[in-house]
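Everything on this sheet refers to the single structure shown next.
Because only heavy atoms are used, hydrogens play no part in the values below, and waters and symmetry mates are left out as well, while side chains stay in. First listed ligand is number 1; within each ligand, the first listed atom is number 1.
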Amino acid sequence: MRRKLAAGNWKMHGLRADLAQLSALNTAHPDPAIDILICPPATLIAPACAACDGGAVQIGGQDCHARASGAFTGDLSALMLKDAGASAVIVGHSERRDAHEESSEDVRAKAKATHAAGLVAIICLGESLAQREAANTLDIIAGQLSASVPNSADATNTVIAYEPCWAIGSGLTASPEQIGEVHDFIRARLTARFGAAQAGGMRLLYGGSVKPGNAAEIFAVSNVDGALVGGASLRADDFTPIISALEAAR
Ligand code: PGA
């Protein structure tokens with residue numbers, strides 16, 4: 001059985017005062033039946049780990065460099081994120097693929113570096129609205145999946161997040177049929193490449209305007225093992241009902 005995962009991506013939001021949200025999450029979920037991960041800005045990773053010490057909430061990074069160290073001003077390696085207390089790193093988020101022109105090959109190198117550091121890589125994929133309207137979604141997903149997921153991926157170190165770009169931060173959510181089609185497709189592709197034992201253990205998250213009001217419907221879809229949540233992860237009052245919906249979907 002895959003343990004479900006509720007992951008929050010705070011993006012470029014969060015000051016030390018917001019660590020109170022993590023304390024509230026830990027208090028609300030003392031013994032959750034699922035994994036809970038929050039990826040705050042890198043400046044908050046160490047204090048967030050201190051705030052969650054002894055609690056169920058795990059802390060992750062939002063991006064990393066592909067190298068372990070070097071002359072890369074402003075960048076952070078997966079090893080540094082681990083050193084600060086992170087247990088996972090989001091790689092290939094569409095905001096990085098778009099705004100920082102990261103290719104799937106770049107994403108693969110970052111995922112490989114994440115694995116080398118002993119962390120879980122949450123590898124993001126997703127089609128644009130134009131690609132969906134041109135009926136290219138599965139081709140795009142197949143291409144991103146094969147190019148972005150390194151051979152080092154296994155059931156314990158890799159999570160795939162399907163995030164249609166048009167659903168991120170837009171209030172639009174993919175329908176259960178659209179989500180199910182893509183998640184079933186991703187599972188089949190991973191199985192063909194990594195075998196049933198490894199692929200069957202990799203968790204597949206849906207992301208894109210997941211809210212308390214739509215979470216239960218999304219979590220009922222086949223091969224949805226959790227969510228990657230942006231806006232609704234910033235406040236414990238919003239994230240808690242999403243966590244509860246995922247626990248209820250077991
Ligand atoms: P959203 O973001 O939940 O605010 O749409 C999701 C994401 O970008 O991971």
Side-chain angles (χ1 to χ4, degrees), residues 4-14 18 21 25 34-42 44-45 48 57-64 81 86 88-102 104 107 110-111 114 120-129 131-132 137 140-141 144-145 148 158-176 178-179 182-183 186 203-219 221 224-246 249:
K4 311 255 181 195
L5 170 61
N9 173 10
W10 280 10
K11 307 188 180 182
M12 201 171 75
H13 300 284
D18 299 300
Q21 300 302 321
L25 272 184
I34 63 169
D35 289 340
I36 304 171
L37 175 79
I38 293 286
C39 301
L44 288 184
I45 290 177
V57 177
Q58 302 276 307
I59 300 301
Q62 299 176 10
D63 176 49
C64 68
L81 300 176
V89 186
I90 298 169
V91 294
H93 190 281
S94 64
E95 286 155 13
R96 297 215 50 99
R97 289 181 187 259
D98 288 349
H100 297 265
E101 299 184 349
E102 289 184 9
S104 285
V107 175
K110 290 175 178 219
T114 300
V120 172
I122 301 177
I123 304 173
C124 301
L125 319 165
E127 81 285 2
S128 67
L129 188 57
Q131 289 164 337
R132 177 161 283 276
T137 298
I140 295 294
I141 296 299
Q144 289 180 346
L145 193 63
S148 306
T158 298
V159 173
I160 307 292
Y162 168 56
E163 301 202 300
C165 301
W166 49 272
I168 293 176
S170 63
L172 298 173
T173 313
S175 70
Q178 289 171 327
I179 297 170
V182 174
H183 279 234
I186 292 173
R203 292 172 292 181
L204 309 187
L205 309 183
Y206 169 77
S209 299
V210 177
K211 308 282 179 213
N214 60 22
E217 182 183 44
I218 292 167
F219 296 151
V221 176
V224 172
D225 304 310
L228 181 54
V229 182
S233 72
L234 294 173
R235 294 190 45 80
D237 284 352
D238 291 326
F239 203 38
T240 281
I242 294 174
I243 290 167
S244 300
L246 189 55

Requested in this report: Take every heavy atom of Gly208, measure it against each atom of ligand 1, and state whether any distance is under 4.0 Å.
Outcome: yes

Query - Over all atoms of both residues, closest heavy-atom pair of Leu228 and Leu205 - result: N-CB, 4.0 Å

Query raised in the report: Ile140 and Gly126: which non-hydrogen atoms are nearest, and at how many Å?
Result: CG2-O, 4.4 Å

Query raised in the report: In chain order, what residues pass the salt bridge (Lys or Arg N to Asp or Glu O under 4.0 Å) check against Glu102, with sequence neighbours excluded?
Result: Arg96, Lys110

Query - Any N/O pair Glu95/ligand 1 closer than 3.5 Å - result: no

Query raised in the report: Just which atoms of ligand 1 are under 4.0 Å from any heavy atom in His93?
Result: 7 (C), 8 (O), 9 (O)

Report task. Just jot down the side-chain contact (heavy atoms from CB on, under 4.5 Å) partners of Ser94, sequence neighbours excluded, or say none. Result -> Cys165, Ile168

Query - ligand 1 N/O within reach of Ala232 N/O, cut-off under 3.5 Å - result: no

Query raised in the report: Is any N or O atom of Ser170, backbone or side chain, closer than 3.5 Å to an N or O atom of ligand 1?
Result: no

Query raised in the report: What are the two closest heavy atoms between Gln62 and Trp10, and how far apart are they?
Result: NE2-C, 3.9 Å

Report task. Would you mind finding which of Ser233, Ser94, Gly230, Cys124 brings a heavy atom closest to atom 6 (C) of ligand 1? Result -> Gly230

Query raised in the report: Checking Asp225 side chain against Leu204 main chain: does a donor-acceptor pair fall under 3.5 Å?
Result: yes

Query raised in the report: Contact between Lys211 and ligand 1, counting heavy atoms under 4.0 Å?
Result: no

Query raised in the report: Can you check whether Glu163 has an N/O within less than 3.5 Å of an N/O in ligand 1?
Result: yes

Requested in this report: Kindly assign one of parallel, tilted or perpendicular to the pair Tyr206 and His183, based on the angle between their ring planes and the thresholds 30° and 60°.
Outcome: tilted

Report task. Go through ligand 1 atom by atom and flag the ones less than 4.0 Å from a non-hydrogen atom of Gly231. Result -> 1 (P), 3 (O), 4 (O)

